[in-house]
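What follows is one structure encoded as C-alpha coordinates, with my remarks underneath.
A, B, ... follow the sequence lines: proteins, then strands. Residue 1 opens every chain.
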Amino acid sequence: MIQVAHLSKSYGPGRRALTDISFEIARGEVVFVSGPSGAGKSTLLKLLFRQEEPSEGQIWIDGRNVTRLASRGVAELRRRIGLVFQEFRLLAHLNALDNVALAAQVAGASRRASRTKAYQLLRELGLKERYDARPLALSGGEQQRVAIARALINDPALILADEPTGNVDDEAAEEIMKLLLRMRERGATIVIATHDRRMIERYGTRVLRLEQGALIRDLARAAEP
Amino acid sequence: MKIFFLAGLVLRQVGASLRHLFWTHALTAATTAIALFVFGAFLLFQTNLEYLVRGWGEELQVSAYLNRDVAEERVGALLQRIEAMPEVARARYISHAQARGDFQAALGARSGLLDGLPPDALPASVEIALKPAARSAESAARLAARLKQDRDIAEVEYPQQWAENLDVAALIVGWAKWVFGGILFLAVFFVVRSTVRLALFARQDEVEILQLVGASQTLIEAPFVIEGMIQGLAGAALAIAALWGFYWWLQDQIAVFGAWLAPLGGIRFLPVERIGLLAAIGWLLGSAGSLFSLRGFLRTWHASSARL
(Lines give C-alpha, C1' and ligand atoms only; values in the text may rest on other atoms or scores of the structure.)
Protein backbone atom coordinates (compact mmCIF):
# COMPACT_ATOMS: atom_id res chain seq x y z
CA MET A 1 0.00 0.00 0.00
CA ILE A 2 2.66 2.49 1.08
CA GLN A 3 6.33 2.34 0.20
CA VAL A 4 8.70 4.97 1.52
CA ALA A 5 12.29 4.96 0.29
CA HIS A 6 15.16 7.06 1.67
CA LEU A 7 12.81 9.89 2.58
CA SER A 8 14.35 13.09 3.92
CA LYS A 9 12.89 16.48 4.61
CA SER A 10 14.87 19.58 5.37
CA TYR A 11 13.64 23.12 6.00
CA GLY A 12 17.02 24.67 5.36
CA PRO A 13 20.57 24.27 6.61
CA GLY A 14 20.59 22.64 10.03
CA ARG A 15 16.81 22.17 10.04
CA ARG A 16 16.38 18.55 9.14
CA ALA A 17 12.96 17.16 10.03
CA LEU A 18 13.38 13.67 8.60
CA THR A 19 16.52 11.79 7.64
CA ASP A 20 16.68 8.85 5.25
CA ILE A 21 13.53 7.02 6.28
CA SER A 22 12.44 3.81 4.54
CA PHE A 23 9.56 1.47 5.35
CA GLU A 24 6.62 -0.33 3.78
CA ILE A 25 3.05 -0.65 4.98
CA ALA A 26 0.81 -3.42 3.66
CA ARG A 27 -2.85 -2.99 2.75
CA GLY A 28 -5.14 -3.25 5.79
CA GLU A 29 -2.30 -2.71 8.26
CA VAL A 30 -2.62 -0.41 11.28
CA VAL A 31 0.59 1.46 12.02
CA PHE A 32 1.34 3.86 14.82
CA VAL A 33 4.03 6.49 14.29
CA SER A 34 5.38 7.41 17.68
CA GLY A 35 8.00 9.70 19.07
CA PRO A 36 8.42 12.84 21.16
CA SER A 37 7.33 16.28 19.95
CA GLY A 38 9.52 17.43 17.07
CA ALA A 39 10.48 13.87 16.13
CA GLY A 40 9.00 14.32 12.64
CA LYS A 41 5.69 12.44 12.99
CA SER A 42 3.53 15.21 11.55
CA THR A 43 6.08 15.93 8.83
CA LEU A 44 5.96 12.29 7.76
CA LEU A 45 2.16 12.41 7.51
CA LYS A 46 2.26 15.72 5.63
CA LEU A 47 4.62 14.14 3.14
CA LEU A 48 2.28 11.16 2.74
CA PHE A 49 -0.72 13.33 1.84
CA ARG A 50 1.49 15.75 -0.06
CA GLN A 51 0.98 18.87 1.97
CA GLU A 52 4.73 19.02 1.65
CA GLU A 53 7.30 17.76 -0.80
CA PRO A 54 10.27 15.72 0.33
CA SER A 55 13.81 17.02 -0.02
CA GLU A 56 14.97 13.55 -1.01
CA GLY A 57 13.47 10.11 -1.43
CA GLN A 58 10.27 8.69 -2.86
CA ILE A 59 6.82 7.72 -1.63
CA TRP A 60 4.55 5.29 -3.48
CA ILE A 61 0.93 4.89 -2.52
CA ASP A 62 -0.90 2.12 -4.35
CA GLY A 63 1.99 1.90 -6.77
CA ARG A 64 1.84 5.59 -7.63
CA ASN A 65 4.77 7.88 -6.94
CA VAL A 66 3.10 10.69 -5.00
CA THR A 67 6.24 12.79 -4.78
CA ARG A 68 5.89 13.62 -8.47
CA LEU A 69 2.25 14.62 -8.53
CA ALA A 70 1.10 17.92 -10.00
CA SER A 71 -1.57 19.91 -8.10
CA ARG A 72 -4.43 18.07 -9.85
CA GLY A 73 -2.88 14.75 -8.86
CA VAL A 74 -2.47 15.93 -5.28
CA ALA A 75 -6.18 16.81 -5.06
CA GLU A 76 -7.05 13.42 -6.50
CA LEU A 77 -4.73 11.69 -3.99
CA ARG A 78 -6.35 13.49 -1.06
CA ARG A 79 -9.80 12.43 -2.18
CA ARG A 80 -8.62 8.83 -1.76
CA ILE A 81 -7.12 9.44 1.69
CA GLY A 82 -9.10 10.05 4.87
CA LEU A 83 -7.41 12.69 7.01
CA VAL A 84 -7.98 13.23 10.73
CA PHE A 85 -6.24 16.04 12.61
CA GLN A 86 -5.76 16.97 16.23
CA GLU A 87 -7.54 20.32 15.66
CA PHE A 88 -10.51 18.66 13.89
CA ARG A 89 -10.44 21.18 11.01
CA LEU A 90 -14.20 21.56 10.65
CA LEU A 91 -15.92 24.51 8.97
CA ALA A 92 -17.55 26.63 11.65
CA HIS A 93 -20.44 27.83 9.49
CA LEU A 94 -21.52 24.34 8.42
CA ASN A 95 -23.34 21.85 10.61
CA ALA A 96 -21.94 18.39 11.31
CA LEU A 97 -23.87 16.81 8.42
CA ASP A 98 -22.67 19.34 5.84
CA ASN A 99 -19.10 19.20 7.13
CA VAL A 100 -19.08 15.47 6.47
CA ALA A 101 -20.98 15.70 3.17
CA LEU A 102 -18.58 18.38 1.84
CA ALA A 103 -15.78 15.85 1.32
CA ALA A 104 -18.06 13.69 -0.85
CA GLN A 105 -19.36 16.68 -2.80
CA VAL A 106 -15.80 17.78 -3.53
CA ALA A 107 -15.28 14.34 -5.05
CA GLY A 108 -18.29 14.92 -7.32
CA ALA A 109 -21.14 13.26 -5.40
CA SER A 110 -24.61 14.80 -5.53
CA ARG A 111 -25.82 16.82 -2.58
CA ARG A 112 -28.57 14.36 -1.77
CA ALA A 113 -26.39 11.26 -1.98
CA SER A 114 -23.57 12.83 0.02
CA ARG A 115 -25.91 14.01 2.78
CA THR A 116 -27.59 10.63 3.02
CA LYS A 117 -24.24 8.93 3.36
CA ALA A 118 -23.03 11.56 5.83
CA TYR A 119 -26.08 10.96 7.97
CA GLN A 120 -25.49 7.20 7.93
CA LEU A 121 -21.88 7.70 9.02
CA LEU A 122 -22.81 10.12 11.79
CA ARG A 123 -25.37 7.61 13.00
CA GLU A 124 -22.74 4.86 12.96
CA LEU A 125 -20.41 7.07 14.96
CA GLY A 126 -23.07 7.84 17.57
CA LEU A 127 -23.93 11.35 16.42
CA LYS A 128 -27.41 10.74 15.11
CA GLU A 129 -28.90 13.38 17.38
CA ARG A 130 -26.17 15.92 16.69
CA TYR A 131 -26.11 16.02 12.90
CA ASP A 132 -27.56 19.53 12.78
CA ALA A 133 -25.18 21.04 15.33
CA ARG A 134 -22.43 23.40 14.33
CA PRO A 135 -18.88 22.51 15.44
CA LEU A 136 -18.79 25.07 18.25
CA ALA A 137 -21.84 23.44 19.82
CA LEU A 138 -20.11 20.04 19.88
CA SER A 139 -17.66 18.68 22.45
CA GLY A 140 -14.07 17.90 21.43
CA GLY A 141 -14.85 14.20 21.19
CA GLU A 142 -17.93 14.86 19.07
CA GLN A 143 -16.02 17.16 16.76
CA GLN A 144 -13.36 14.51 16.28
CA ARG A 145 -16.05 11.94 15.45
CA VAL A 146 -17.45 14.33 12.83
CA ALA A 147 -13.92 14.67 11.43
CA ILE A 148 -13.61 10.87 11.33
CA ALA A 149 -16.95 10.61 9.52
CA ARG A 150 -15.66 13.15 7.00
CA ALA A 151 -12.49 11.12 6.56
CA LEU A 152 -14.55 8.01 5.86
CA ILE A 153 -17.20 9.34 3.52
CA ASN A 154 -15.26 8.64 0.31
CA ASP A 155 -14.45 5.07 1.45
CA PRO A 156 -10.72 5.75 1.52
CA ALA A 157 -8.24 2.94 1.23
CA LEU A 158 -5.89 4.87 3.50
CA ILE A 159 -6.59 6.84 6.69
CA LEU A 160 -3.96 9.17 8.11
CA ALA A 161 -4.57 10.52 11.60
CA ASP A 162 -2.29 13.10 13.16
CA GLU A 163 -2.62 13.11 16.97
CA PRO A 164 -6.34 12.31 16.71
CA THR A 165 -6.75 12.13 20.49
CA GLY A 166 -4.63 15.16 21.31
CA ASN A 167 -7.51 17.54 21.97
CA VAL A 168 -10.01 15.29 23.73
CA ASP A 169 -10.37 13.84 27.23
CA ASP A 170 -9.32 10.29 28.09
CA GLU A 171 -12.75 8.77 27.69
CA ALA A 172 -13.27 10.35 24.27
CA ALA A 173 -9.71 9.43 23.26
CA GLU A 174 -10.43 5.79 23.97
CA GLU A 175 -13.63 5.93 21.96
CA ILE A 176 -11.98 7.68 19.00
CA MET A 177 -9.16 5.18 18.89
CA LYS A 178 -11.62 2.31 18.87
CA LEU A 179 -13.56 3.99 16.06
CA LEU A 180 -10.45 4.46 14.00
CA LEU A 181 -9.37 0.89 14.49
CA ARG A 182 -12.82 -0.31 13.51
CA MET A 183 -12.15 1.12 10.08
CA ARG A 184 -9.72 -1.73 9.57
CA GLU A 185 -12.81 -3.87 9.13
CA ARG A 186 -13.61 -1.82 6.04
CA GLY A 187 -10.24 -2.84 4.65
CA ALA A 188 -8.60 0.52 5.19
CA THR A 189 -4.92 0.96 5.92
CA ILE A 190 -4.51 3.18 8.96
CA VAL A 191 -1.53 5.30 9.96
CA ILE A 192 -1.82 7.11 13.29
CA ALA A 193 0.78 9.58 14.51
CA THR A 194 0.66 9.97 18.27
CA HIS A 195 2.90 10.50 21.25
CA ASP A 196 0.29 8.94 23.55
CA ARG A 197 2.14 5.91 24.94
CA ARG A 198 -0.96 4.43 26.53
CA MET A 199 -2.74 4.24 23.21
CA ILE A 200 0.30 2.76 21.52
CA GLU A 201 0.73 0.16 24.25
CA ARG A 202 -2.92 -0.75 24.10
CA TYR A 203 -3.58 -0.74 20.36
CA GLY A 204 -0.24 -0.59 18.57
CA THR A 205 0.25 -3.67 16.43
CA ARG A 206 3.07 -2.06 14.54
CA VAL A 207 4.95 0.98 15.74
CA LEU A 208 7.37 3.16 13.79
CA ARG A 209 9.44 5.01 16.36
CA LEU A 210 10.90 8.34 15.23
CA GLU A 211 13.46 10.38 17.12
CA GLN A 212 15.04 13.57 15.84
CA GLY A 213 13.79 12.80 12.37
CA ALA A 214 15.27 9.31 12.17
CA LEU A 215 13.42 6.00 12.18
CA ILE A 216 15.01 4.24 15.10
CA ARG A 217 12.65 1.30 15.45
CA ASP A 218 10.03 -0.54 13.38
CA LEU A 219 8.35 -2.83 15.87
CA ALA A 220 5.57 -5.24 14.99
CA ARG A 221 3.73 -7.21 17.63
CA ALA A 222 0.57 -9.25 17.99
CA ALA A 223 -2.68 -7.31 18.24
CA GLU A 224 -4.60 -7.29 21.50
CA PRO A 225 -7.65 -9.53 21.39
CA MET B 1 -23.36 14.79 -14.31
CA LYS B 2 -20.41 15.27 -11.99
CA ILE B 3 -19.76 18.72 -13.41
CA PHE B 4 -23.33 19.80 -12.52
CA PHE B 5 -22.91 18.52 -8.98
CA LEU B 6 -19.65 20.44 -8.67
CA ALA B 7 -21.25 23.58 -10.16
CA GLY B 8 -24.04 23.19 -7.63
CA LEU B 9 -21.48 22.91 -4.85
CA VAL B 10 -19.76 26.10 -6.03
CA LEU B 11 -23.04 28.02 -6.12
CA ARG B 12 -24.04 26.74 -2.68
CA GLN B 13 -20.67 27.82 -1.34
CA VAL B 14 -21.14 31.27 -2.84
CA GLY B 15 -24.64 31.54 -1.35
CA ALA B 16 -23.46 30.34 2.05
CA SER B 17 -20.53 32.71 2.00
CA LEU B 18 -22.67 35.71 1.03
CA ARG B 19 -25.01 34.94 3.92
CA HIS B 20 -22.43 33.91 6.47
CA LEU B 21 -19.89 36.64 5.71
CA PHE B 22 -22.31 39.34 4.60
CA TRP B 23 -20.48 42.20 6.30
CA THR B 24 -17.08 41.12 5.01
CA HIS B 25 -18.48 41.11 1.47
CA ALA B 26 -20.26 44.42 2.07
CA LEU B 27 -17.00 45.98 3.27
CA THR B 28 -15.14 44.76 0.20
CA ALA B 29 -17.92 46.02 -2.09
CA ALA B 30 -17.89 49.39 -0.30
CA THR B 31 -14.10 49.69 -0.68
CA THR B 32 -14.44 48.83 -4.36
CA ALA B 33 -17.21 51.41 -4.64
CA ILE B 34 -15.05 54.15 -3.08
CA ALA B 35 -12.12 53.31 -5.35
CA LEU B 36 -14.37 53.18 -8.43
CA PHE B 37 -16.04 56.43 -7.43
CA VAL B 38 -12.65 58.17 -7.52
CA PHE B 39 -11.96 56.57 -10.89
CA GLY B 40 -15.48 57.46 -12.12
CA ALA B 41 -15.06 61.06 -10.98
CA PHE B 42 -11.91 61.21 -13.08
CA LEU B 43 -13.84 59.76 -16.03
CA LEU B 44 -16.56 62.36 -15.49
CA PHE B 45 -13.99 65.16 -15.49
CA GLN B 46 -12.23 63.72 -18.51
CA THR B 47 -15.49 63.21 -20.42
CA ASN B 48 -16.46 66.84 -19.87
CA LEU B 49 -13.00 67.97 -20.82
CA GLU B 50 -13.36 66.05 -24.07
CA TYR B 51 -16.71 67.71 -24.71
CA LEU B 52 -15.11 71.07 -23.98
CA VAL B 53 -12.27 70.46 -26.46
CA ARG B 54 -14.80 69.12 -28.97
CA GLY B 55 -16.84 72.31 -28.50
CA TRP B 56 -13.75 74.38 -29.20
CA GLY B 57 -13.08 72.24 -32.26
CA GLU B 58 -16.53 72.99 -33.64
CA GLU B 59 -15.57 76.63 -33.68
CA LEU B 60 -12.62 75.90 -35.93
CA GLN B 61 -13.69 77.00 -39.42
CA VAL B 62 -11.88 77.65 -42.68
CA SER B 63 -12.96 80.65 -44.74
CA ALA B 64 -12.37 80.61 -48.50
CA TYR B 65 -12.72 84.05 -50.19
CA LEU B 66 -13.83 83.88 -53.80
CA ASN B 67 -12.43 85.71 -56.79
CA ARG B 68 -14.53 88.70 -57.74
CA ASP B 69 -15.26 87.23 -61.16
CA VAL B 70 -16.98 84.12 -59.84
CA ALA B 71 -20.54 84.20 -61.09
CA GLU B 72 -23.39 83.11 -58.82
CA GLU B 73 -24.17 80.16 -61.13
CA ARG B 74 -20.68 78.67 -60.56
CA VAL B 75 -21.06 78.73 -56.79
CA GLY B 76 -23.12 75.52 -56.70
CA ALA B 77 -20.36 73.58 -58.47
CA LEU B 78 -17.74 75.13 -56.18
CA LEU B 79 -19.67 74.10 -53.07
CA GLN B 80 -19.90 70.55 -54.43
CA ARG B 81 -16.13 70.46 -55.01
CA ILE B 82 -15.47 71.70 -51.49
CA GLU B 83 -17.92 69.34 -49.81
CA ALA B 84 -16.33 66.40 -51.63
CA MET B 85 -13.08 67.05 -49.78
CA PRO B 86 -12.49 64.48 -46.96
CA GLU B 87 -11.97 67.03 -44.17
CA VAL B 88 -15.16 68.99 -44.87
CA ALA B 89 -18.33 68.48 -42.84
CA ARG B 90 -20.33 71.24 -44.56
CA ALA B 91 -19.77 74.38 -46.64
CA ARG B 92 -21.90 77.52 -46.62
CA TYR B 93 -21.82 80.23 -49.29
CA ILE B 94 -21.77 83.85 -48.09
CA SER B 95 -22.59 86.29 -50.89
CA HIS B 96 -21.30 89.89 -51.16
CA ALA B 97 -24.62 91.17 -49.83
CA GLN B 98 -24.75 88.69 -46.99
CA ALA B 99 -21.18 89.49 -46.02
CA ARG B 100 -22.01 93.17 -45.96
CA GLY B 101 -25.14 92.51 -43.92
CA ASP B 102 -23.23 90.38 -41.40
CA PHE B 103 -20.52 93.03 -41.11
CA GLN B 104 -23.06 95.77 -40.62
CA ALA B 105 -24.76 93.74 -37.93
CA ALA B 106 -21.41 93.25 -36.25
CA LEU B 107 -20.63 96.98 -36.36
CA GLY B 108 -23.97 97.76 -34.79
CA ALA B 109 -24.38 101.53 -34.23
CA ARG B 110 -21.30 102.24 -36.32
CA SER B 111 -22.67 100.40 -39.39
CA GLY B 112 -22.84 103.75 -41.21
CA LEU B 113 -19.09 103.40 -41.79
CA LEU B 114 -19.91 101.08 -44.72
CA ASP B 115 -22.23 103.56 -46.45
CA GLY B 116 -19.60 104.94 -48.80
CA LEU B 117 -18.41 101.55 -49.99
CA PRO B 118 -19.64 99.83 -53.16
CA PRO B 119 -22.12 96.90 -52.63
CA ASP B 120 -19.50 94.27 -53.56
CA ALA B 121 -16.71 95.75 -51.42
CA LEU B 122 -16.67 92.69 -49.19
CA PRO B 123 -15.78 89.49 -51.03
CA ALA B 124 -18.11 86.51 -51.30
CA SER B 125 -16.83 83.54 -49.36
CA VAL B 126 -17.45 79.96 -48.38
CA GLU B 127 -17.40 79.09 -44.66
CA ILE B 128 -16.21 75.54 -44.17
CA ALA B 129 -16.90 73.47 -41.06
CA LEU B 130 -14.54 70.55 -40.46
CA LYS B 131 -15.37 66.97 -39.63
CA PRO B 132 -14.51 66.05 -35.99
CA ALA B 133 -11.54 63.92 -37.09
CA ALA B 134 -10.16 66.83 -39.13
CA ARG B 135 -10.27 69.45 -36.38
CA SER B 136 -6.53 69.91 -36.12
CA ALA B 137 -3.99 72.47 -37.29
CA GLU B 138 -2.49 69.95 -39.71
CA SER B 139 -5.81 69.06 -41.35
CA ALA B 140 -6.86 72.70 -41.58
CA ALA B 141 -3.52 73.60 -43.22
CA ARG B 142 -3.82 70.71 -45.67
CA LEU B 143 -7.36 71.75 -46.60
CA ALA B 144 -6.34 75.40 -46.98
CA ALA B 145 -3.50 74.43 -49.33
CA ARG B 146 -5.89 72.39 -51.48
CA LEU B 147 -8.51 75.16 -51.55
CA LYS B 148 -5.90 77.71 -52.67
CA GLN B 149 -5.37 75.67 -55.80
CA ASP B 150 -9.01 76.10 -56.83
CA ARG B 151 -9.41 78.60 -59.70
CA ASP B 152 -12.43 80.27 -58.02
CA ILE B 153 -10.76 80.87 -54.67
CA ALA B 154 -8.63 83.93 -54.10
CA GLU B 155 -7.63 83.50 -50.50
CA VAL B 156 -8.04 81.05 -47.63
CA GLU B 157 -8.01 81.91 -43.93
CA TYR B 158 -8.24 79.91 -40.75
CA PRO B 159 -7.21 80.65 -37.15
CA GLN B 160 -3.84 78.90 -37.26
CA GLN B 161 -2.79 79.72 -33.68
CA TRP B 162 -6.21 78.66 -32.41
CA ALA B 163 -5.95 75.37 -34.29
CA GLU B 164 -2.47 74.72 -32.86
CA ASN B 165 -3.70 75.42 -29.33
CA LEU B 166 -6.59 73.07 -29.96
CA ASP B 167 -4.11 70.37 -30.98
CA VAL B 168 -2.17 70.82 -27.74
CA ALA B 169 -5.38 70.74 -25.67
CA ALA B 170 -6.57 67.55 -27.40
CA LEU B 171 -3.15 65.98 -26.91
CA ILE B 172 -3.10 66.83 -23.19
CA VAL B 173 -6.62 65.49 -22.67
CA GLY B 174 -5.77 62.33 -24.61
CA TRP B 175 -2.59 61.66 -22.61
CA ALA B 176 -4.22 62.56 -19.30
CA LYS B 177 -6.79 59.89 -20.02
CA TRP B 178 -4.17 57.18 -20.27
CA VAL B 179 -1.68 58.43 -17.67
CA PHE B 180 -4.04 59.43 -14.85
CA GLY B 181 -6.54 56.78 -15.85
CA GLY B 182 -3.81 54.12 -15.76
CA ILE B 183 -2.44 55.30 -12.40
CA LEU B 184 -5.92 55.43 -10.91
CA PHE B 185 -6.76 52.01 -12.33
CA LEU B 186 -3.65 50.51 -10.72
CA ALA B 187 -4.42 52.24 -7.42
CA VAL B 188 -7.96 50.88 -7.53
CA PHE B 189 -6.65 47.41 -8.34
CA PHE B 190 -4.26 47.38 -5.39
CA VAL B 191 -6.87 48.76 -2.98
CA VAL B 192 -9.36 46.09 -4.02
CA ARG B 193 -6.73 43.36 -3.95
CA SER B 194 -5.58 44.32 -0.45
CA THR B 195 -9.15 44.39 0.81
CA VAL B 196 -9.86 40.99 -0.69
CA ARG B 197 -6.66 39.65 0.83
CA LEU B 198 -7.70 40.87 4.28
CA ALA B 199 -11.09 39.23 3.81
CA LEU B 200 -9.33 36.03 2.76
CA PHE B 201 -7.44 35.79 6.02
CA ALA B 202 -10.81 35.51 7.73
CA ARG B 203 -11.50 32.50 5.49
CA GLN B 204 -8.12 30.82 5.84
CA ASP B 205 -9.66 27.74 7.46
CA GLU B 206 -12.16 27.29 4.68
CA VAL B 207 -9.44 27.27 2.01
CA GLU B 208 -7.22 24.93 4.00
CA ILE B 209 -10.04 22.48 4.70
CA LEU B 210 -11.11 22.43 1.07
CA GLN B 211 -7.55 21.61 0.08
CA LEU B 212 -7.28 18.88 2.67
CA VAL B 213 -10.47 17.14 1.53
CA GLY B 214 -9.11 17.09 -2.01
CA ALA B 215 -10.85 20.01 -3.70
CA SER B 216 -9.22 20.87 -7.01
CA GLN B 217 -7.68 24.28 -7.50
CA THR B 218 -10.59 25.28 -9.77
CA LEU B 219 -13.14 24.22 -7.17
CA ILE B 220 -11.35 26.26 -4.50
CA GLU B 221 -10.97 29.31 -6.72
CA ALA B 222 -14.37 29.35 -8.42
CA PRO B 223 -16.50 30.50 -5.43
CA PHE B 224 -13.98 33.23 -4.60
CA VAL B 225 -13.93 34.48 -8.18
CA ILE B 226 -17.74 34.50 -8.41
CA GLU B 227 -17.98 36.30 -5.08
CA GLY B 228 -15.36 38.76 -6.34
CA MET B 229 -17.46 39.41 -9.46
CA ILE B 230 -20.54 40.03 -7.35
CA GLN B 231 -18.61 42.34 -5.01
CA GLY B 232 -17.09 44.17 -7.98
CA LEU B 233 -20.42 44.65 -9.73
CA ALA B 234 -22.09 45.72 -6.47
CA GLY B 235 -19.21 48.15 -5.88
CA ALA B 236 -19.55 49.51 -9.43
CA ALA B 237 -23.32 49.95 -9.03
CA LEU B 238 -22.77 51.85 -5.77
CA ALA B 239 -20.06 53.98 -7.39
CA ILE B 240 -22.28 54.83 -10.38
CA ALA B 241 -25.16 55.77 -8.06
CA ALA B 242 -22.82 57.97 -6.02
CA LEU B 243 -21.44 59.54 -9.21
CA TRP B 244 -24.99 60.32 -10.32
CA GLY B 245 -25.56 62.11 -7.02
CA PHE B 246 -22.21 63.89 -7.38
CA TYR B 247 -23.17 64.95 -10.91
CA TRP B 248 -26.42 66.54 -9.73
CA TRP B 249 -24.60 68.27 -6.91
CA LEU B 250 -22.13 69.64 -9.49
CA GLN B 251 -25.01 70.82 -11.67
CA ASP B 252 -26.21 72.85 -8.72
CA GLN B 253 -22.74 74.23 -8.15
CA ILE B 254 -22.21 75.08 -11.83
CA ALA B 255 -21.98 78.81 -11.20
CA VAL B 256 -18.81 78.22 -9.21
CA PHE B 257 -17.03 76.90 -12.29
CA GLY B 258 -17.38 80.11 -14.21
CA ALA B 259 -17.58 80.84 -17.88
CA TRP B 260 -15.27 78.12 -19.20
CA LEU B 261 -18.06 75.57 -18.98
CA ALA B 262 -20.37 77.77 -21.05
CA PRO B 263 -19.60 76.01 -24.36
CA LEU B 264 -20.84 72.78 -22.79
CA GLY B 265 -24.16 74.23 -21.83
CA GLY B 266 -23.54 72.72 -18.40
CA ILE B 267 -21.72 69.54 -17.48
CA ARG B 268 -22.77 66.15 -18.80
CA PHE B 269 -22.99 62.76 -17.12
CA LEU B 270 -20.97 59.77 -18.29
CA PRO B 271 -22.15 58.32 -21.60
CA VAL B 272 -23.52 54.76 -21.56
CA GLU B 273 -20.28 53.21 -22.80
CA ARG B 274 -18.33 54.75 -19.93
CA ILE B 275 -20.91 53.58 -17.40
CA GLY B 276 -20.46 50.14 -18.96
CA LEU B 277 -16.69 50.57 -18.66
CA LEU B 278 -17.00 51.31 -14.92
CA ALA B 279 -19.20 48.23 -14.41
CA ALA B 280 -16.74 46.11 -16.43
CA ILE B 281 -13.80 47.44 -14.39
CA GLY B 282 -15.67 46.60 -11.17
CA TRP B 283 -16.41 43.12 -12.46
CA LEU B 284 -12.84 42.59 -13.64
CA LEU B 285 -11.27 44.03 -10.48
CA GLY B 286 -13.48 41.96 -8.24
CA SER B 287 -12.78 38.68 -10.00
CA ALA B 288 -9.10 39.31 -10.77
CA GLY B 289 -8.51 40.78 -7.30
CA SER B 290 -10.01 37.69 -5.71
CA LEU B 291 -8.11 35.30 -7.94
CA PHE B 292 -4.72 36.96 -7.51
CA SER B 293 -5.21 37.42 -3.76
CA LEU B 294 -6.27 33.79 -3.36
CA ARG B 295 -3.28 32.53 -5.33
CA GLY B 296 -0.94 34.77 -3.34
CA PHE B 297 -2.56 33.57 -0.15
CA LEU B 298 -2.19 29.90 -1.16
CA ARG B 299 1.50 30.44 -1.94
CA THR B 300 2.03 32.08 1.45
CA TRP B 301 0.09 29.33 3.16
CA HIS B 302 2.13 26.59 1.48
CA ALA B 303 5.34 28.35 2.46
CA SER B 304 4.28 28.90 6.08
CA SER B 305 2.83 25.43 6.56
CA ALA B 306 6.03 23.98 5.18
CA ARG B 307 7.97 25.72 7.95
CA LEU B 308 5.80 24.31 10.76
Side-chain angles (χ1 to χ4, degrees), chain A residues 9-12 15 17 38 42-43 46-47 49-55 70-85 87-95 98-114 134-135 147 150-151 153-154 156 160 162, chain B residues 1-26 199-224 226-227 291 294-308:
Chain A
K9 177 68 185 174
S10 168
Y11 295 115
R15 293 190 62 203
S42 295
T43 303
K46 282 178 181 174
L47 290 168
F49 69 86
R50 263 301 300 274
Q51 187 171 346
E52 291 183 17
E53 290 177 38
S55 307
S71 71
R72 181 180 283 200
V74 171
E76 208 179 295
L77 170 78
R78 288 181 189 166
R79 291 199 285 271
R80 292 190 291 119
I81 298 177
L83 298 171
V84 180
F85 299 95
E87 321 82 39
F88 321 128
R89 302 268 178 109
L90 300 173
L91 285 170
H93 66 280
L94 296 183
N95 63 24
D98 287 328
N99 262 292
V100 177
L102 179 70
Q105 288 169 24
V106 157
S110 73
R111 185 166 191 237
R112 181 180 290 186
S114 60
R134 300 238 170 135
R150 183 181 62 191
I153 196 162
N154 290 328
L160 302 177
D162 189 6
Chain B
M1 207 60 174
K2 192 173 164 181
I3 191 83
F4 291 111
F5 293 149
L6 290 174
L9 174 62
V10 168
L11 294 178
R12 280 196 301 280
Q13 280 181 288
V14 171
S17 166
L18 291 178
R19 279 193 307 276
H20 174 63
L21 297 165
F22 176 79
W23 290 110
T24 307
H25 292 299
L200 264 176
F201 277 108
R203 300 172 69 182
Q204 192 169 347
D205 279 355
E206 187 182 334
V207 176
E208 288 177 7
I209 290 165
L210 281 168
Q211 285 195 316
L212 292 173
V213 297
S216 64
Q217 178 134 344
T218 311
L219 194 59
I220 293 171
E221 287 173 355
F224 285 91
I226 294 172
E227 288 162 29
L291 188 64
L294 181 63
R295 288 193 173 166
F297 168 77
L298 290 176
R299 271 197 302 276
T300 314
W301 180 63
H302 281 306
S304 62
S305 64
R307 283 193 295 273
L308 291 175

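- Note that the CZ atom of A/F85 and the CD1 atom of B/I209 stand 9.5 Å from one another [nearest 0.5 Å].
- Heavy atoms of A/A92 lying under 4.5 Å from chain B are absent altogether.
- Proximity to chain B (any heavy atom under 4.5 Å) is shown, for A/R80, by neither the backbone nor the side chain.
- Per-residue counts of heavy-atom pairs under 4.5 Å with chain A were compared for B/L219, B/D205, B/V10; the largest is that of B/L219.
- Neither the backbone nor the side chain of A/A151 comes within contact range of chain B, judged by heavy atoms closer than 4.5 Å.
- A/R78 places no side-chain N or O within donor-acceptor distance of the main-chain N or O of B/A215, the cut-off being under 3.5 Å.
- Between the CG atom in B/L21 and the NE2 atom in A/H93 there is a gap of 7.0 Å [rounded to 0.5 Å].
- Ranked by heavy-atom pairs shorter than 4.5 Å toward chain A, the options B/K2, B/R19, B/R12 are led by B/R12.
- Looking at A/L77, neither its backbone nor its side chain comes within 4.5 Å of chain B, counting heavy atoms on both sides.
- Of the listed residues (A/A104, A/A75, A/A103), the one with the most heavy-atom contacts under 4.5 Å to chain B is A/A75.
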Practice task
Please lay out, stage by stage, how B/L210 and A/L102 fare under the test side chain to side chain contact (heavy atoms under 4.5 Å, CB included).
Solution key: CA-CA 9 Å; B/L210 281 168; A/L102 179 70; 4.1 Å; yes
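- For the side chain to side chain contact (heavy atoms under 4.5 Å, CB included) with B/V213, the qualifying choice from A/Q105, A/R150, A/R79 is A/R150, the only one to do so.
- Atom CZ in B/F5 sits 12.5 Å away from atom CZ in A/R111 (nearest 0.5 Å).
- Residues satisfying the side chain to side chain contact (heavy atoms under 4.5 Å, CB included) test with A/A113, not counting sequence neighbours, are A/S110.
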Exercise for the section: Please report the C-alpha distance between A/R89 and B/L212 in whole Å, then the side-chain angles of each, then the deciding distance to 0.1 Å, and finally whether the side chain to side chain contact (heavy atoms under 4.5 Å, CB included) criterion is met. Expected result: CA-CA 9 Å; A/R89 302 268 178 109; B/L212 292 173; 2.9 Å; yes
Exercise for the section: Verify side chain to side chain contact (heavy atoms under 4.5 Å, CB included) between A/L91 and B/E206, making sure each step is shown before the conclusion. Expected result: CA-CA 6 Å; A/L91 285 170; B/E206 187 182 334; 3.8 Å; yes
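- For A/D98, the salt bridge (charged side-chain N to carboxylate O under 4.0 Å, His left out) partners two or more places apart in sequence, or in a different chain, are A/R115.
- With a 4.5 angstrom heavy-atom cutoff, A/L83 touches chain B only via side-chain atoms.
- Residue with the most contacts toward chain B among A/S42, A/G82, A/A109: A/A109 (heavy-atom pairs, distance under 4.5 Å).
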